[in-house]
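Below: the structure, in structure tokens.
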Amino acid sequence: KRSDRPQVFNQMCSACHSLDGQGGAVGPALDGIGSRRDAAYIQKWLADPMSIKADSLMPKLPLSEADITELTAFLSQLKGN
């Protein structure tokens, strides 16, 4: 449910990414991302996507350390397909 998501996810991530069929379509759907990537990868990706994938379409977002910590915890627990 949308209300279970961190506010920063609803403000920043859902513009480009979908979850449970809701959100943008610019970036990949984030359903099950916690099964595909570990927390360390997610944290590094959020901090600087281009440090992992130089041609990433995802920009480096103005996320605070707290935002990154919260998003990493949230995305890491998205298991499944």
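Values reported hereafter were calculated over all heavy atoms of this structure, with side chains retained and with hydrogens, waters and symmetry mates removed.
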Exercise. Any side-chain heavy atom of L78 sitting closer than 4.5 Å to one from D31?
Worked result: no
Seminar exercise, completed: Rounded to the nearest 0.5 angstrom, the CE-CH2 distance for M50 and W45 is 8.5 Å
Exercise. Is there side-chain contact between K44 and S51, with heavy atoms separated by less than 4.5 Å?
Worked result: yes
Problem set entry | S64 side-chain N/O to D67 backbone N/O, donor-acceptor pair under 3.5 Å | yes
Exercise. Which atom pair, heavy atoms only, marks the closest approach of S56 to M58?
Worked result: OG-N, 3.0 Å
For this session: Look at atom CD of Q7 and say whether more than 12 heavy atoms of other residues, nucleotides or ligands are closer to it than 6.0 Å.
Result: no
For this session: With rounding to the nearest 0.5 Å, note down the distance linking CG in L30 to SG in C13.
Result: 7.0 Å
Exercise. Is the backbone of P28 close enough, under 3.5 Å, to the side chain of H17 for a donor and an acceptor to pair up by distance?
Worked result: yes
Exercise. Between S35 and G80, which heavy-atom pair has the shortest distance, and what is it?
Worked result: OG-N, 3.0 Å
Exercise. Distance-only, no hydrogens or angles: does the S76 side chain make a donor-acceptor pair with backbone N or O of G34 under 3.5 Å?
Worked result: no
Problem set entry | R5 side chain vs L19 backbone, donor-acceptor pair below 3.5 Å | yes
Exercise. Should I52 and L63 be regarded as members of a common hydrophobic cluster, given that ILVMFWY residues are connected when their side-chain heavy atoms come within less than 4.5 Å of each other, either directly or indirectly?
Worked result: yes
For this session: Could you state whether F74 and Y41 fall into the same hydrophobic cluster, counting links through intermediate Ile, Leu, Val, Met, Phe, Trp or Tyr residues with side-chain heavy atoms under 4.5 angstrom apart?
Result: yes
Exercise. Once you round to the nearest 0.5 Å, how far does CD of Q43 lie from OG1 of T69?
Worked result: 5.5 Å
Exercise. Just how far is it from atom CG of L75 to atom CZ of R36, taken to the nearest 0.5 Å?
Worked result: 10.5 Å
Problem set entry | Minimum heavy-atom distance P49-K60, with the two atoms named | CD-CA, 4.0 Å
